[in-house]
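For reference, positions follow the sequence shown, starting with 1. Here the structure is a predicted model, which is why all the values come from computation and not from measurement.
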Amino acid sequence: MNHIEAITLRGMLPAVFANESTPSSEVWKTDLTLRRGESYLIEAASGAGKSSLCAYIYGSRDDYRGTLLLDGNDARSLSIPQWQEIRRRHIAYLPQELSLFPELSAIQNIELKNRLTGHASPEMIEGWLDELGISARRDFPAGRMSIGQQQRVAIIRSLCQPFDFILLDEPVSHLDEENNRRAAAMIEREARRQGAAIISTSVGNPLLLEGAHPLSL
């Protein structure tokens with residue numbers, strides 16, 4: 001496939017919620033299509049399933065009721081090689097837990113992914129580090145950085161691949177407004193360059209995207 005143009009949720013609900021009464025949602029138990037080139041802000045209370053949603057779309061979990069379609073293809077029917085290709089070229093993901101290697105420096109964490117994709121030039125990466133105000137920490141072990149600094153490293157790492165959709169699970173929860181705006185501008189710029197969609201979740205400190213579609217979970 002050249003691109004994934006649409007991700008469609010049909011009556012989806014985390015299996016753990018199946019026997020519970022769930023509050024009104026614009027995502028769960030509805031028909032929803034997320035389209036390439038658009039931006040979406042998904043607001044949710046803690047425990048509402050936002051991290052689960054990201055994991056379902058990324059294909060790392062399938063413990064849900066309903067159907068998830070990638071350009072009309074049932075996600076459950078995709079093979080492991082197909083998912084590997086999707087994660088390499090079509091869907092980028094920044095999980096809430098960040099998944100940085102604490103003993104590696106900021107730049108080593110970023111380059112570890114970029115070596116697999118060859119997507120970003122050294123100049124692009126250095127520019128991103130400078131834009132997010134962490135160039136002075138490029139050689140600092142990630143495990144000794146603040147959570148806000150780690151989030152900025154993880155944001156840069158998530159951009160080091162081609163993508164049609166980028167999933168960002170609470171990406172700026174520890175950033176102040178100025179750094180939030182810088183991160184949002186950088187992500188939007190790269191998404192526009194690739195014609196991609198942004199899907200970002202939040203429990204109260206949303207990524208400050210312009211013109212994003214708000215959705216409640």
Side-chain angles (χ1 to χ4, degrees), residues 1-5 7 36-37 39 51 54-55 57-60 70 78 80-175 179-201 207-209:
M1 64 180 76
N2 292 325
H3 295 288
I4 294 175
E5 298 291 344
I7 296 173
R36 181 170 171 256
S39 296
S51 295
C54 291
I57 294 174
Y58 197 61
S60 55
L70 306 184
L78 299 175
I80 291 175
Q82 285 175 312
W83 272 117
Q84 290 173 333
E85 179 67 6
I86 286 168
R87 293 169 188 150
R88 185 163 48 240
R89 299 191 58 82
H90 300 288
I91 300 180
Y93 181 27
L94 171 54
Q96 183 182 343
E97 62 273 15
L98 304 180
S99 299
L100 296 175
F101 292 96
E103 71 279 6
L104 298 183
S105 68
I107 191 65
Q108 286 173 328
N109 270 281
I110 293 165
E111 289 179 339
L112 188 64
K113 179 172 184 179
N114 198 56
R115 280 198 296 269
L116 296 174
T117 65
H119 180 70
S121 68
E123 292 76 18
M124 288 174 66
I125 292 172
E126 293 299 334
W128 289 337
L129 286 165
D130 186 60
E131 187 171 353
L132 294 189
I134 52 173
S135 56
R137 288 287 187 267
R138 69 186 302 281
D139 298 311
F140 211 68
R144 294 173 56 196
M145 300 174 79
S146 71
I147 297 299
Q149 290 171 340
Q150 289 181 36
Q151 284 188 318
R152 283 174 273 175
V153 172
I155 287 169
I156 293 171
R157 183 194 58 187
S158 72
L159 297 177
C160 289
Q161 71 168 86
F163 57 86
D164 298 316
F165 289 80
I166 184 166
L167 306 170
L168 304 158
D169 192 8
E170 290 194 63
V172 294
S173 58
H174 288 80
L175 299 189
N179 281 307
N180 184 330
R181 291 190 185 281
R182 291 179 183 179
M186 194 172 80
I187 293 165
E188 285 181 308
R189 188 170 64 246
E190 182 62 16
R192 282 196 302 270
R193 190 176 74 85
Q194 301 199 47
I198 302 168
I199 303 172
S200 182
T201 73
L207 185 65
L208 296 174
L209 301 172

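Taking 4.5 Å as the limit, some side-chain heavy atom of Met186 sits within range of a side-chain heavy atom of Ile156. Using a 4.5 Å heavy-atom threshold, the side chains of Gln194 and Phe163 count as touching. Contact check for Glu126 versus Glu123: no side-chain heavy atoms found under the 4.5 Å cut-off.
A distance of 9.5 Å separates CD1 in Ile166 from OG in Ser200, rounded to the nearest 0.5 Å. Note: Ile134 CD1 to Gln151 CD = 11.0 Å, rounded to the nearest 0.5 Å. Taking CD from Glu190 and SG from Cys160, the interatomic distance works out to 9.0 Å, rounded to the nearest 0.5 Å. Here the CG-OG distance, from Leu209 to Ser39, works out to 5.0 Å after rounding to the nearest 0.5 Å. Interatomic distance, Ile91 CD1 to Cys54 SG, rounded to the nearest 0.5 Å: 10.5 Å. Summarising the geometry, atom CD belonging to Gln150 is positioned 9.0 Å from atom CG belonging to Asn109; distances are rounded to the nearest 0.5 Å.
In this structure, Arg87 forms a cation-pi arrangement with Tyr58, its terminal cationic atom sitting closer than 6.0 Å to the ring centre and no more than 45° off the ring axis. A cation-pi contact links Arg144 to Phe140, judged by a cut-off of 6.0 Å to the six-membered ring centre and 45° from its axis.
Residues Leu98 and Leu94 approach most closely at CD2-CD1, 3.9 Å, considering heavy atoms. The two residues Ile7 and Ile57 have their closest heavy-atom pair at CD1-CG2, 3.7 Å. Closest heavy-atom contact between Leu129 and Arg138: CD1-CB, 4.0 Å. Annotation for Ala183 and Leu175: closest pair CB-CD1, 4.5 Å, computed over non-hydrogen atoms. Minimum interatomic distance between Phe101 and Ala142 (heavy atoms only, all atoms of both residues): O-CB, 3.8 Å. Taking every heavy atom of both residues into account, Glu131 and Arg189 meet most closely at OE1-NH2, 2.7 Å.
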| field | Residue pair Asn179, Val172: steps toward the side-chain contact (heavy atoms from CB on, under 4.5 Å) verdict | value | CA-CA 8 Å; Asn179 281 307; Val172 294; over 6 Å; no

| message | Pair Ser51, Gln96 - check side-chain hydrogen bond (donor to acceptor under 3.5 Å, both in side chains), show working. | response | CA-CA 7 Å; Ser51 295; Gln96 183 182 343; 3.2 Å; yes

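The salt bridge (Lys or Arg N to Asp or Glu O under 4.0 Å) search around Arg36 returns Glu5, Asp164, not counting sequence neighbours. Remark: Glu111 pairs with no residue by the side chain to side chain donor-acceptor pair (under 3.5 Å) rule, at least two apart or across chains.
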